Amino acid sequence: MKKITQLILGFLLASGCCFAQQEKGIVGDTNWLNNWTEFKPNEIDYGEPTQILTGNISEDTTLKKGEVYLLLGSVFVTNDATLTIEPGTVILGDYNSKGSLTISRGAKIMAQGYQTDPIIFSSNKSVKRAGDWGGLVILGDAPINRFGSGSIASYYPNLNPADYTYTNYGGENTSGFSGVLQYVRIEYAGKRISQDTYFNGLFLACVGESTKIDHVMISHSGEDGFEVWGGNISLNNLVSYRSRGTDYKFNYGSTSQIFNSLALRSPYASNGSGVRCLEVRSYNKKEESDFSKNKTLIEASNLTFLTDSDDLKSAIEMNLVHEAIYVGENTELNMLKSVVSGFNPAVILDQQIQVNQKSLENIAFTEMYFNNCNGNIFVENNSNNEDLENWYGNRAFFNVYSKSNNTETFISANNYKRPDFRLRINKIIASNIDSDLIED
């Protein structure tokens, strides 16, 4: 059986092969996944905690490399304080107390790891599972289209009434700065709080455009990987690996960008229907949305969405594979130069979206590569997609529909002898991941 060590070895060998002409999917002059990512975190022993983080961090604080920190319960960074985390620092979320870290509105996190020395958030359990601990939450003061003041107080069990103010988010500061996340891994987060409430790997509410988030990997999240409410943030070089929920979710008037990022899903590590690689909504319920404010508008390019399955056809027949992309009504999505491979189907549009020129001009798929999908683009609950096929199949969009092996997806016809590292990633990730990685 092929082992995950082949994946890491393949990444190391791939860094010199980057000259192909193909521009769809994740790109890079060098392999930006090298060194800082980890696709088998359950085999890593981060050591026992040496320091405990609990309660509120109300003054500037630095977490030091060499210490192993334990998040005990709901930890808030408050009072406009800055939490600085040194490269190589390990922070473990406590399973029993649903440990989580929240950067409250006005506070900042400076988590700047290195490619060779990433910052790691993980579970404190010896045998780790998706949803072991809460997750990382950043609350800002950028706009949102929901009525009333925003609060996520329901996320925190046994919240002290004096701490309710630290769960608020929202404002009018589009240029807000909540800090930096760079070369960071978040593993086994997404704890279930109640029947309908979960933490996510990384939750961003009303985070402003001055905040810097890149080279962040979320693996084995018990719910969504990256969730963004409102705000106007630019995200790039992200990885979402085997999330049980949606990989990248945008809602409530977020005007954001996501570039050059990867989502790898497994049919056996999913919460079921309603979870996707990318979800774009302006609201969950119309009555909660202020239509005088921005609808959600997402710019997305050079994304790669893959389903890892030894028998994709069988997984689809068993209803274990769903759509890769979901677009809600009253939203705009401009997606280009991306790969969607192995889904059922590739895209679903909300059933309230009218199939006409006015609506479809707000939902653009350009220079896309749809591969091995059981259908391409449909309206929800409608099996007749002839109009959509005619629209997005127009040669003006330069979309490609294929039924090829993933190992061939990124080979350029003009440069078939020197495929770039995207081919290696696709070949290694989609074909060589050990099935033993699938967890309950």
Side-chain angles (χ1 to χ4, degrees), residues 35-38 41-104 107-139 155-160 163 166-167 178-191 193 199-204 213 215-222:
N35 300 316
W36 68 279
T37 57
E38 176 55 62
N42 204 29
E43 292 192 351
I44 299 178
D45 182 3
Y46 295 116
E48 293 297 320
T50 58
Q51 300 284 339
I52 293 177
L53 299 174
T54 189
N56 298 336
I57 300 172
S58 57
E59 58 185 28
D60 293 352
T61 301
T62 298
L63 305 187
K64 301 286 189 178
K65 178 182 178 179
E67 304 283 2
V68 177
Y69 295 87
L70 180 67
L71 292 170
L72 193 62
S74 303
V75 179
F76 294 92
V77 181
T78 68
N79 197 36
D80 296 343
T82 297
L83 177 66
T84 301
I85 305 176
E86 292 184 348
T89 302
V90 174
I91 303 101
L92 303 180
D94 181 56
Y95 175 85
N96 291 324
S97 64
K98 303 179 182 179
S100 63
L101 176 63
T102 300
I103 313 303
S104 65
K108 299 173 181 63
I109 181 171
M110 301 298 293
Q112 295 175 275
Y114 299 143
Q115 185 176 21
T116 55
D117 207 9
I119 293 166
I120 298 163
F121 291 84
S122 194
S123 164
N124 72 329
K125 293 190 71 179
S126 57
V127 179
K128 304 175 180 66
R129 292 287 185 266
D132 274 351
W133 63 287
L136 177 57
V137 178
I138 302 178
L139 307 177
Y155 278 52
Y156 305 95
N158 305 315
L159 185 66
N160 188 322
D163 292 335
Y166 305 135
T167 69
S178 297
V180 177
L181 293 181
Q182 220 168 23
Y183 294 109
V184 173
R185 295 206 310 263
I186 302 173
E187 304 165 352
Y188 300 102
K191 186 83 171 182
I193 304 159
F199 278 100
N200 303 297
L202 176 61
F203 178 49
L204 307 170
I213 298 180
H215 294 88
V216 176
M217 178 180 188
I218 295 176
S219 59
H220 302 283
S221 176

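We number each residue from 1, following the sequence as shown. Values in this document were obtained by computation on a predicted structure and should not be read as measured data.
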With distance as the sole criterion, is a donor-acceptor pair present between the side chains of S58 and N79 under 3.5 Å?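 No pair is found: no donor N or O on one side chain lies under 3.5 Å from an acceptor on the other.
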Return the minimal non-hydrogen interatomic distance between [X] and [Y], and the atom names on each side.
X	Y	result
E48	V68	O-CB, 3.5 Å
A189	G135	CB-CA, 3.8 Å
T89	L63	OG1-O, 3.6 Å
Q115	N35	O-CB, 3.2 Å
S74	S100	CA-OG, 3.8 Å
I119	G113	CD1-N, 3.6 Å

What do the steps show when you test L71 against L92 for side-chain contact (heavy atoms from CB on, under 4.5 Å), and what is the final call?
CA-CA 6 Å; L71 292 170; L92 303 180; over 6 Å; no
Separation between [atom1] of [X] and [atom2] of [Y], rounded to the nearest 0.5 Å:
X	Y	atom1	atom2	answer
S221	D132	OG	CG	11.0 Å
T82	I109	OG1	CD1	10.5 Å
Y95	R129	OH	CZ	11.0 Å
I103	Y166	CD1	OH	13.5 Å

* Would K191 count as a cation-pi partner of F199, with NZ or CZ less than 6.0 Å from the six-membered ring centre and within 45° of the ring normal? -> no
*Cation over ring, K98 on Y155, under 6.0 Å and within 45°?*
no
Report yes if the side chains of [X] and [Y] come closer than 4.5 Å at any heavy-atom pair, otherwise no.
X	Y	result
R185	E38	yes
L101	V77	yes
L181	L136	yes
I120	I44	no
L70	N124	yes
S123	E187	no
V127	K125	no
Y183	P87	no

Exercise. Using atom types as modelled and distance alone, determine if a side-chain donor or acceptor of Q112 lies under 3.5 Å from a backbone N or O of Q182.
Key: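 No, because the side chain of Q112 does not come within donor-acceptor range (under 3.5 Å) of the backbone of Q182.
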query: Just by distance, do the side chain of N42 and the backbone of K128 share a donor-acceptor pair under 3.5 Å?
result: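 Answer holds: yes.
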In terms of relative ring orientation, are H220 and Y188 parallel, tilted or perpendicular, with 30° and 60° separating the classes?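 Parallel.
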- Classify the ring geometry between W133 and F121 as parallel (under 30°), tilted (30 to 60°) or perpendicular (over 60°). parallel
Exceeds 12 heavy-atom contacts within 6.0 angstrom, atom CD of E67:
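Above 12, so yes.
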Y46 atom OH, over 12 foreign heavy atoms within 6.0 Å |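 Yes, enclosed.
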message: Test side-chain contact (heavy atoms from CB on, under 4.5 Å) on V137 and L204; report intermediate values, then the result.
response: CA-CA 6 Å; V137 178; L204 307 170; over 6 Å; no
Would L83 and I85 satisfy side-chain contact (heavy atoms from CB on, under 4.5 Å), going step by step from the backbone distance to the final call? CA-CA 7 Å; L83 177 66; I85 305 176; 4.2 Å; yes
What residue among T167, T102, D163 forms side-chain hydrogen bond (donor to acceptor under 3.5 Å, both in side chains) with Y156?
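Going through the options one by one, the only one that passes is T102.
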From CA spacing to verdict: side-chain contact (heavy atoms from CB on, under 4.5 Å), L72, L53:
CA-CA 6 Å; L72 193 62; L53 299 174; over 6 Å; no
**Request:** Begin with the C-alpha distance, continue with both residues' side-chain angles, and end with the deciding distance and a verdict on salt bridge (charged side-chain N to carboxylate O under 4.0 Å, His left out) for K108 and D80.
**Result:** CA-CA 7 Å; K108 299 173 181 63; D80 296 343; over 6 Å; no
